[in-house]
Amino acid sequence: MFTIDKYIVAESLEQAFELNKNRRNTIIGGMLWLKMGRKKIGTAIDLSALGLNSIDEDEDSFRIGCMCTLREIETHEGLNNYFGCSLAKSVENIVGVQMRNLATIGGSIYSRFGFSDILTVLLALDTYVELYSGGIVTLEKYLGMPLDNDILVSIIIKKDSRKILYSSYRLSATDFPVLTCAVSNKGNKWFTAHGARPMKAFLNVFELSSSPDDDEINNIISNIKDRTIFGTNMRAGSEYRKTLAGVLTKRNIEAILNGGNYAD
Ligand SMILES: Cc1cc2nc3c(=O)[nH]c(=O)nc-3n(C[C@H](O)[C@H](O)[C@H](O)COP(=O)(O)OP(=O)(O)OC[C@H]3O[C@@H](n4cnc5c(N)ncnc54)[C@H](O)[C@@H]3O)c2cc1C
């Protein structure tokens, strides 16, 4: 159980940032992860009055405010049209609708969970994290940064016409994933992200010819498996995860080459 001494609805990001400098204070999203711990929170800082709960689309990008829920992402028409439902697919197994109605994108990405579905799919897209103090950084860079007291303001996904597919493997629906796999493609350039390794999602970038044969695809998959570290936990061993990564990656590459996406 966690405890909260004081609760403040922040009136500005500046106020929230200043309050969050005190290590006893904590930004709260949907509080679903926080409630699993035993943190003794001095002041809980609520960002919900700052208008950060919208998904805005313009010609170049989508901007998702940190207080948007996973359910809002799952059901957003613009995101589903542009990314062929891959974002929806990435969150559909996260417990249930009630939970996804509460879990925020800010809490999900700030935490950089080793098991994260949404982190995996966003890593295979041209995604940026907007920080209050740290400015805009690529999601890949953010993954390597420490869990500090900056505020994650929004997630920006560029519309660069990538095709993307997402899949995960779970021992049972709604459990934490054994492995997550997103594959995206733009021209000859391909991106794969593997998460729940059981470590934070990891990105590989490579090229394939315009009509790759089986040997070319198998060769790339073998390189990806060599470059990516897979570990063992109660859900699966490293060798099993490595094999699974090859299977899910190949299926997604072939499906993209065959023109498939979830909107079909
Ligand atoms: C039982 C359970 C099962 C789950 N299963 C899965 C799963 O299968 N796949 C998956 O991908 N995820 C899973 N999750 C994670 C879930 O989807 C959310 O990512 C998680 O709950 C965090 O979101 P939240 O809004 O609840 O964050 P909170 O619990 O409110 O916050 C989490 C952390 O983020 C910080 N924080 C929140 N917002 C911000 C911000 N804007 N700026 C800076 N820091 C911030 C908080 O201070 C805290 O440290 C699961 C969670 C639970 C509790």
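Positions are given from 1 along the sequence. One-based numbering, in listed order, for ligands and for the atoms of each.
By the criterion of a heavy-atom distance under 4.0 Å, the side chain of T26, and not its backbone, is placed next to ligand 1. At a 4.0 Å heavy-atom cut-off, ligand 1 touches W33 through backbone and side chain alike.
Close to ligand 1: D150, with a non-hydrogen atom less than 4.0 angstrom away. Under a 4.0 Å heavy-atom criterion, M67 is not in contact with ligand 1. Within the 4.0 Å heavy-atom cutoff, R100 does not count among the residues contacting ligand 1. Contact annotation: T69 has no heavy atom less than 4.0 Å from any atom of ligand 1.
Look at K186 and D126 and you find no salt bridge, because none of the NZ, NE, NH1 or NH2 atoms lies under 4.0 Å from a carboxylate O.
Think of Y240 as one node in a network of Ile, Leu, Val, Met, Phe, Trp and Tyr side chains linked at under 4.5 Å; its network also takes in Y169, L171, V178, L179, F230, L244, L248.
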For a quick test of your reading: what N or O donor-acceptor pairs under 3.5 Å do the side chains of residues 192-200 make, sequence neighbours left out?
from, atom 1, to, atom 2, distance (Å)
H194, NE2, T249, OG1, 2.8
R197, NE, K200, O, 3.0
R197, NH1, I229, O, 2.7
R197, NH2, K200, O, 2.6
K200, NZ, L143, O, 2.8

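Nearest-residue assignment for atom 46 (C) of ligand 1 (options I41, N25, I27; heavy-atom criterion): I27. Within the set F115, F113, F176, the minimum heavy-atom distance to atom 12 (N) of ligand 1 is found for F115.
Near R170, with a cut-off below 4.0 Å to any heavy atom, the atoms of ligand 1 are 7 (C), 8 (O), 9 (N). Of all atoms in ligand 1, numbered sequentially from 1 with element shown, those under 4.0 Å from a heavy atom of I94 are 6 (C), 7 (C), 9 (N), 10 (C), 11 (O), 12 (N), 13 (C), 17 (O).
Looking at T104 next to ligand 1, an N or O pair under 3.5 Å apart turns up.
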